[in-house]
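As structure tokens, the structure follows; a few thoughts come after it.
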Amino acid sequence: MKKDQSTDVLVTINIPQFQQDLITWFEKEQRILPWRENTDPYRIWVSEIMLQQTKVDTVIPYFNRFIEKFPTLEDLAYASEQEVLKAWEGLGYYSRVRNLQAAVREVVEKYDAKVPTDVDALASLKGVGPYTKGAIMSIAFSKPEPAVDGNVMRVLSRIADIEEDIAKASTRKIFENVVRQVISQTNPSAFNQGLMELGALICTPKNPSCLLCPVQQHCIAFQKGKQTELPIKSRKLKKKTIHYYTFVIENVSQEVVLEKRPDEGLLAQMWQFPMVEKDKVSEQFIETYLTKKYQISSIELIKMEPIKHVFSHLTWFVDVIYVKVKDEDIQIERNEEVVTIEQFNQYPLPVPHQKVYDQWLSVLAD
DNA sequence: AATGCGGGGGA
DNA sequence: TCCCCAGCATT
């Protein structure tokens with residue numbers, strides 16, 4: 001059974017009062033954040049991409065370094081992919097930055113390096129979805145477009161007592177319709193940011209601070225005492241696990257082998273210590289596998305600390321093996337390189353392999 | 001409509 | 001442990 005959410009909101013909320021309460025609170029209480037220094041569309045854009053599924057505190061240092069390195073849209077467009085990936089190292093969801101650079105290059109070519117103010121042009125850019133489009137339109141261009149993220153769905157589900165499952169893709173549109181009805185036409189930027197800031201600071205997932213809430217008087221869930229029961233969110237299935245061996249293959253010159261991951265999929269185009277699924281190589285044949293693959297004869301294998309790494313959809317268990325090679329030459333494949341310690345900072349590594357790298361360094365220090 | 005895609009922090 | 005986080009692309 002479905003309620004008519006549109007009517008619900010309209011008859012229940014004093015919209016002008018709600019807008020004023022929210023905006024006044026936001027203007028007064030908003031956090032000082034680097035991307036709030038101005039409304040440069042490029043900076044807003046970068047911040048919005050970084051903030052996807054990522055907390056503000058995590059983003060801040062990345063944003064500052066990124067903008068310092070790529071101050072303008074054109075700086076980013078002309079940078080090398082590897083340099084850009086390196087600037088994103090550790091932030092996760094790396095396709096975000098590859099899409100961002102592709103989009104920025106398109107803006108340089110098609111729109112004279114100006115972020116398009118047209119909604120559809122903006123939405124057509126790689127990596128710019130319904131949320132990011134609305135965020136840029138409202139924050140950078142002051143246009144009254146909805147920008148519905150997880151915060152907004154949580155806040156509005158409580159304000160308007162909406163019981164739709166926010167885990168479902170189709171639910172976002174319901175909230176966009178709600179926002180279209182209640183958004184401030186005169187200050188859509190502060191309104192949208194206010195909803196999100198409220199979700200981050202007051203209307204939190206657990207233990208919301210309703211007594212401090214600037215829009216408490218508008219909140220149906222609070223009136224009903226059911227604020228902790230909203231939003232409704234179905235949970236998802238268990239993760240898969242994969243077991244790997246990874247090898248720190250060090251030659252007599254204290255260099256190691258790195259391999260580049262494929263162009264698509266998990267951790268695309270990132271670098272790692274050579275890794276193989278345990279299914280493919282049983283423990284007793286590791287030495288055979290290595291000597292054959294790298295065309296070497298004299299090696300010593302030393303077990304290091306295993307690593308567990310949890311992704312959003314799967315878990316890696318990685319056995320780390322330190323391989324000291326006595327041979328002069330190592331035969332490597334096309335996607336591999338032999339790297340010195342000094343060169344390491346040029347290679348973007350995912351976090352689990354940064355941990356391997358740290359282990360290797362501490363061994364060398366002994 | 002469902003799934004793949006990172007990583008960190010809080011309860 | 002599980003959940004959550006200023007989501008998007010692909011199928």
Side-chain angles (χ1 to χ4, degrees), chain A residues 26 30-31 33 35-36 44-63 85 88-100 102-103 123-140 145-155 165-173 175-176 179 189 191-201 203-208 228 231 233-240 242 261-262 264-270 272 307-316 348-355:
Chain A
F26 175 72
Q30 63 171 299
R31 291 166 290 182
L33 299 172
W35 48 90
R36 288 179 174 162
I44 302 298
W45 186 3
V46 170
S47 74
E48 292 302 340
I49 300 297
M50 285 188 172
L51 286 162
Q52 288 169 9
Q53 299 299 101
T54 311
K55 290 208 163 76
V56 164
D57 289 343
T58 304
V59 166
I60 291 172
Y62 280 92
F63 179 83
L85 207 47
W88 208 268
E89 181 187 71
L91 197 51
Y93 285 150
Y94 300 96
S95 65
R96 289 185 292 178
V97 76
R98 293 187 288 115
N99 287 335
L100 175 61
S124 74
L125 296 170
K126 269 197 172 140
V128 178
Y131 164 75
T132 304
K133 168 189 66 176
I136 295 174
M137 288 302 291
S138 59
I139 300 171
E145 289 287 325
V148 174
D149 68 342
N151 284 311
V152 172
M153 288 197 281
R154 182 173 61 257
V155 170
D165 181 0
I166 67 166
K168 288 172 57 183
S170 56
T171 300
R172 195 200 67 248
K173 291 188 176 180
F175 285 94
E176 285 178 348
V179 172
S189 172
F191 182 89
N192 277 345
Q193 292 189 79
L195 282 181
M196 293 188 274
E197 196 81 345
L198 192 67
L201 301 182
C203 196
T204 47
K206 290 166 188 169
N207 307 320
T228 57
K233 185 170 188 180
S234 59
R235 37 185 296 244
K236 43 191 161 196
L237 342 50
K238 258 184 53 190
K239 310 184 207 295
K240 295 175 184 173
I242 312 182
R261 294 179 60 88
E264 297 184 339
L266 180 66
L267 303 170
Q269 297 176 42
M270 305 280 288
Q272 64 185 16
I307 288 173
K308 177 188 178 185
H309 189 78
V310 179
F311 296 89
S312 49
H313 58 303
L314 58 86
T315 304
W316 281 2
L349 264 60
V351 166
H353 284 271
Q354 291 177 38
K355 291 176 181 168

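The sequence lines fix the lettering, A, B, ..., with proteins before strands; numbering per chain opens at 1.
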In whole Å, I'd like the distance from the [atom1] atom of [X] to the [atom2] atom of [N].
X: A:M50; N: B:dG7; atom1: CE; atom2: C1'; answer: 14 Å
X: A:L85; N: B:dC5; atom1: CG; atom2: P; answer: 15 Å
X: A:L349; N: B:dG7; atom1: CG; atom2: C1'; answer: 15 Å
X: A:W316; N: B:dC5; atom1: CH2; atom2: P; answer: 10 Å
X: A:E264; N: B:dG6; atom1: CD; atom2: P; answer: 13 Å
X: A:H313; N: C:dC2; atom1: NE2; atom2: P; answer: 17 Å

- Which residue, A:G92 or A:A167, contacts DNA chain B at a nucleotide closer to its 5' end, judged by nearest heavy atom?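 The 5'-side residue here is A:A167.
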- Message: If you assign each of A:Y94 and A:A169 to its closest nucleotide in DNA chain B, which residue comes earlier from the 5' end?
- Response: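 On the 5' side of the pair lies A:A169.
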- Item | Main-chain N/O of A:P146 paired with A:E176 side-chain donor or acceptor, under 3.5 Å |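 The answer is no, because no donor-acceptor pair under 3.5 Å joins these two groups.
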- Give a yes or no answer on whether the side chain of A:T54 reaches the backbone of A:Q52 with a donor-acceptor pair at less than 3.5 Å.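 Such a contact is found between A:T54 side chain and A:Q52 backbone.
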- Message: My understanding is that only residues two or more places apart in sequence, or in another chain, count here; which of them pass side-chain hydrogen bond (donor to acceptor under 3.5 Å, both in side chains) with A:E197?
- Response: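 For A:E197 the side-chain hydrogen bond (donor to acceptor under 3.5 Å, both in side chains) partners, ignoring immediate neighbours, are A:R31, A:R36.
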- Query: Do A:R261 and A:Q272 have side-chain N/O donor and acceptor atoms under 3.5 Å apart?
  - Reply: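 Indeed, the side chains of A:R261 and A:Q272 share at least one donor-acceptor pair under 3.5 Å.
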- Can you tell me, in whole Å, how much space there is between the P of C:dT11 and that of B:dG6?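 Nearest-Å result for C:dT11 against B:dG6 at atom P: 16 Å.
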- Item | Inter-nucleotide P distance (B:dT3, C:dA6), Å rounded |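 Comparing P positions in B:dT3 and C:dA6 gives a spacing of 24 Å.
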- Message: Measuring to OP1 and OP2 of B:dG6, would you say a side-chain N or O of A:H309 lies under 4.0 angstrom away?
- Response: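 Looking at the OP1 and OP2 atoms of B:dG6, neither is under 4.0 Å from any side-chain N or O of A:H309.
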- A:W35: partners by ring pair (Phe, Tyr, Trp, His ring centres under 6.0 Å), with sequence neighbours left out: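 So A:W35 forms a ring pair (Phe, Tyr, Trp, His ring centres under 6.0 Å) with A:F63.
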- Item | Any residue meeting ring pair (Phe, Tyr, Trp, His ring centres under 6.0 Å) with A:Y62, in chain and number order, not counting sequence neighbours |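 Ring pair (Phe, Tyr, Trp, His ring centres under 6.0 Å) check on A:Y62 returns nothing, list empty.
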- With sequence neighbours excluded, tell me which residues meet salt bridge (charged side-chain N to carboxylate O under 4.0 Å, His left out) with A:R154.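 With neighbours one apart ignored, the set is empty.
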- Annotated protein contacts, base or backbone, on nucleotides 3-10 of chain C with a non-hydrogen cut-off under 4.0 Å, one of B, S, - each: SBBBBSS-
- Using a 4.5 Å cut-off on heavy atoms from C-beta on, say whether the side chain of A:L100 contacts that of A:V46.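 Answer yes - side chains close enough.
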- Item | Residues A:K126, A:R98; criterion side chain to side chain contact (heavy atoms under 4.5 Å, CB included); working and verdict | CA-CA 9 Å; A:K126 269 197 172 140; A:R98 293 187 288 115; over 6 Å; no
- Task: Could you give me the stems involving DNA chain B, meaning stretches of three or more consecutive Watson-Crick or G-U wobble pairs whose two defining distances are both below 3.5 Å?
- Result: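 Looking at DNA chain B, the stems formed by three or more consecutive pairs are B:1-5 with C:7-11, B:7-11 with C:1-5.
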